[in-house]
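Just the heavy atoms: all of them, side chains too, but no hydrogens, waters or symmetry mates, feed the values below. Just follow the structure's listing: the first ligand is 1, and inside any ligand the first atom is 1. Predicted, not measured: the structure shown is a model, and the values here were computed from it.
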Amino acid sequence: MFSSRNRAPRQQRRSPTPSGGAAASNGGHSNPPSRPSSPSAPTSKPLYLCSPFADAALVKGNFKTIVVLPKYTDIMEWVAVNMFDFYTNLNEFYGVIAETCTKDTCPTMSGGPSLNYVWTHQGGAKTSLPAPTYIDYVMSSIQNLIDDENIFPTKSNTPFHPSFPATIRTVYRQLLRVFAHLYHAHYPQILHLRFEPHFNSLFAHFLAFGREYELLDTRDIKGEPNAAVGVGLLWERWKEKGILEG
Ligand SMILES: [Zn+2]
């Protein structure tokens, strides 16, 4: 289902996968479990925070295993590989629901009941954009970074630029916003298509990896004070259940 990088990879780019079978198969975000057919969802909180959806496909404690740096693997390589996979997988999910995310349905880049992300242009000017435009900007800018040999080198003798970690943190923050929008604005479609186990699995993996390598600021997950970011609540829930670490 999920593709790897679409151009010649470095020799070892795809190889640093944990050898444990369970960990490796989990990393693919596949094999959805069956889910109960008649959930009772209180109307007071969003569906994605309700059982059984909120914990679908998440096995306690297993995300640490798949984010840990494999032996003999360069940390930059490991981050680059995982970054590419998160981007590719999220892009595929968005592609599936994209026809329901329009300027009419999503006139702002919403990430919670009272949270709208604004796009910061080069130079610092901020603009409120419809979600599909915002997400297109995010995905295009990340694709451009991935295609830039100076930022994502594919030749094994090319070092990563010292600014790579800072670049990845920016990418991470943007991808988090796309996750937040999908959870907040498109969860009914995700449920309709029955891919919430895959989506939860991808997001939990993304959070675990981001925390492990300090790519994600907890303030970005929780949102600004009083912003009530839904994905922040999901993160808290998964921590409480021991699915993710703090
Ligand atoms: Zn939308």
Side-chain angles (χ1 to χ4, degrees), residues 1-3 29 32 35 39 41-50 53-54 56-57 83 85-121 125-146 170-207 210 216 219-224 226-238:
M1 174 176 177
F2 298 116
S3 57
H29 311 291
R35 65 180 168 85
T43 52
S44 57
K45 65 179 178 179
L47 267 179
Y48 57 82
L49 287 171
C50 299
F53 312 123
M83 187 64 249
D85 283 347
F86 292 135
Y87 161 73
T88 305
N89 294 349
L90 184 56
N91 210 11
E92 289 192 11
F93 275 115
Y94 185 68
V96 174
I97 64 95
E99 65 180 23
T100 64
C101 184
T102 68
K103 290 175 182 176
D104 294 326
T105 61
C106 304
T108 61
M109 182 61 178
S110 55
S114 58
L115 176 68
N116 291 294
Y117 300 113
V118 292
W119 182 261
T120 305
H121 296 274
K126 294 179 187 299
T127 316
S128 177
L129 296 172
T133 309
Y134 188 108
I135 292 172
D136 184 47
Y137 282 14
V138 168
M139 295 309 193
S140 302
S141 66
I142 296 173
Q143 185 65 54
N144 288 339
L145 292 174
I146 289 169
T170 303
V171 168
Y172 233 84
R173 189 183 312 121
Q174 293 297 346
L175 289 180
L176 177 71
R177 292 177 174 192
V178 177
F179 274 111
H181 179 69
L182 290 176
Y183 271 110
H184 171 66
H186 297 287
Y187 209 66
Q189 284 103 54
I190 289 173
L191 286 181
H192 179 72
L193 293 162
R194 298 195 166 183
F195 63 46
E196 79 279 4
H198 310 277
F199 197 64
N200 280 343
S201 192
L202 176 64
F203 186 51
H205 187 183
F206 175 83
L207 290 177
L216 205 47
R219 285 173 301 183
D220 288 327
I221 307 174
K222 292 175 182 169
E224 299 301 319
N226 306 319
V229 186
V231 293
L233 300 175
L234 206 47
W235 184 59
E236 294 292 343
R237 177 191 175 106
W238 291 342

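Distance alone, capped at 3.5 Å, places no donor-acceptor pair between the H181 side chain and the G111 backbone.
Between Y48 and I190 there is no side-chain heavy-atom pair separated by less than 4.5 Å.
Ring geometry for F179 versus F206: interplanar angle of 30 to 60°, hence tilted. Taking the six-membered ring for Trp and thresholds of 30 and 60 degrees, F203 and Y183 have ring planes inclined between 30 and 60 degrees apart. Relative ring orientation between Y134 and Y117 is described as tilted, the plane-to-plane angle lying within the 30° to 60° band.
Closer than 2.8 Å to the Zn ion (ligand 1) sit the protein N, O or S atoms C101 SG, C106 SG, H181 NE2, H186 NE2.
Aromatic rings from F86 and H205 are positioned such that their centres are separated by under 6.0 Å.
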